[in-house]
Structure formats: structure tokens, C-alpha cells
Amino acid sequence: MQIEKIFIASDHAGFDAKQIAKKTLNQMNFEVIDLGTNDSQKSVDYPDFAYALSKEIAKDEKNYGILICGTGIGISIAANRNPKIRCALCHDALTAKLAREHNDANILAFGGRILGSAEIESIIKIFFNTEFLGGRHARRIAKLGEIK
Ligand code: RB5
């Protein structure tokens with residue numbers, strides 16, 4: 001997995017988890033570009049953050065991202081509207097591993113109101129240390145661009 005830049009963004013419900021995620025990424029020696037939001041008090045709209053981050057990831061296949069809202073559902077739905085994005089909503093180590101191995105996910109999404117700090121740390125470590133398996137999975141990913 002060749003990583004050029006890692007972007008991170010959340011809404012207010014994901015802000016506290018974003019702080020944990022940034023600490024984990026820094027411990028892994030990644031430089032992180034934080035696109036907001038900047039506190040947990042002011043209510044904001046998750047599509048705004050999903051779109052801003054997706055735009056950056058779509059610019060370079062070596063760019064990756066993390067998106068967090070309360071459940072991870074809204075923000076992952078919004079990100080996946082960009083055709084270059086494969087945003088995976090993950091709940092645990094297994095979904096994070098398979099999101100990379102089978103789906104070549106370029107954005108990891110999770111719920112800040114769903115996961116605790118140990119789970120957040122665990123899914124981030126696995127996601128950014130797992131390679132895409134290619135083969136039959138590459139054929140399936142190519143079909144994602146052929147929506148009928
Ligand atoms: C915000 O209250 C909440 O709806 C949002 O963070 C997210 O969980 C939506 O999917």
C-alpha cells in the first residue's frame with residue numbers, strides 16, 4: 001500500500017473519535033491533513049465533510065482518508081457518491097481487513113458513537129497495514145464503474 005497523504009474529516013458527532021484517530025495515525029508516523037470539523041458542539045452537516053475529503057482522495061490514487069460521523073452511515077453514503085471513492089464503513093478488525101483485501105477501500109469510515117478508543121486504534125492499524133489482494137476482486141471493482 002503506497003500512501004502519499006492521509007486526510008481525515010468528521011462531523012460534530014465524530015469529532016472526539018477524530019482526535020483518537022489522529023493520535024493513532026501520528027503514532028504510526030503518518031502525517032494527517034485534518035479537514036474539520038473543529039469541535040463537537042457546533043452542529044454541522046456530514047455531507048459537506050464527506051464531499052470535501054472525497055475530492056482530495058479522488059485526486060491521487062495514493063491518497064487515503066478516514067471519515068467519521070455518529071454512526072458512520074451518513075458520511076460513508078455521501079463519500080460513495082464520488083465514483084472514484086470506495087468508502088468502507090467498518091466496525092471491527094475483520095471488516096477493516098476485508099475492506100482493504102477485497103474492496104481496495106480508499107476511505108475508512110466508522111461511527112464515533114459506536115466504537116470505543118481501543119476499537120478505533122485497532123481498525124486504523126489494520127486498515128493501513130493491509131494490501132489489496134487483486135485478482136477476482138480487481139475484476140469486481142472494475143465493474144463498480146459500469147453501473148447499469
Ligand atoms: C448527527 O446527529 C448524526 O445524524 C450523524 O453524525 C450521523 O450519524 C449520520 O449518519
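Residue numbers start at 1 and run along the sequence shown. Just follow the structure's listing: the first ligand is 1, and inside any ligand the first atom is 1. Everything numeric in this text was worked out from a predicted model, so none of it was measured.
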message: Would you say atom 6 (O) of ligand 1 makes contact with the protein, given that contact here means a non-hydrogen protein atom less than 4.0 Å away?
response: yes
statement: Within 4.0 Å of some non-hydrogen atom of Tyr46, the atoms of ligand 1 are 9 (C)
query: Where on Ala13 is there a heavy atom closer than 4.0 Å to ligand 1, on the side chain, on the backbone, on both, or on neither?
result: side chain
field: Ile120 CD1 to Ile66 CD1 distance, which is reported to the nearest 0.5 Å
entry: 9.5 Å
message: I need the atoms of ligand 1 closer than 4.0 Å to a non-hydrogen atom of Arg113, numbered in the order shown.
response: 2 (O)
task: Determine, for Lys143 against Glu146, whether the closest basic-nitrogen to carboxylate-oxygen distance falls under 4.0 angstrom.
output: no
query: Any Lys/Arg nitrogen of Asp34 or Lys22 sitting under 4.0 Å from an Asp/Glu carboxylate oxygen of the other?
result: yes
- prompt: Looking only at heavy atoms, which two atoms of Phe49 and Asp45 are closest? And how far apart?
  reply: CD1-O, 3.5 Å
- line: Cys69 heavy atoms within 4.0 Å reach ligand 1 at atoms 6 (O), 7 (C), 8 (O), 9 (C), 10 (O)
- request: Take Tyr64 and Ile107 through the side-chain contact (heavy atoms from CB on, under 4.5 Å) test and state the conclusion after the steps.
  value: CA-CA 6 Å; Tyr64 290 84; Ile107 300 179; over 6 Å; no
- prompt: Can you tell me which residue and heavy atom of the protein come closest to atom 10 (O) of ligand 1, and the distance to 0.1 Å?
  reply: Gly74 N, 2.9 Å
- request: Check ligand 1 against Gly70 and write out every atom of the ligand that is under 4.0 Å from a heavy-atom position of the residue.
  value: 5 (C), 6 (O), 7 (C), 8 (O)
Gap between atom CZ of Phe128 and atom OG1 of Thr24 - 0.5 Å precision: 10.5 Å
query: At what distance is the nearest protein heavy atom to atom 1 (C) of ligand 1, and which residue and atom is it?
result: His12 NE2, 3.9 Å
task: Evaluate the ring planes of His102 and His137, with Trp represented by its six-membered ring, and classify them as parallel (under 30°), tilted (30 to 60°) or perpendicular (over 60°).
output: parallel
- request: Return yes or no for this condition: an N or O of Thr71 is under 3.5 Å from an N or O of ligand 1.
  value: yes
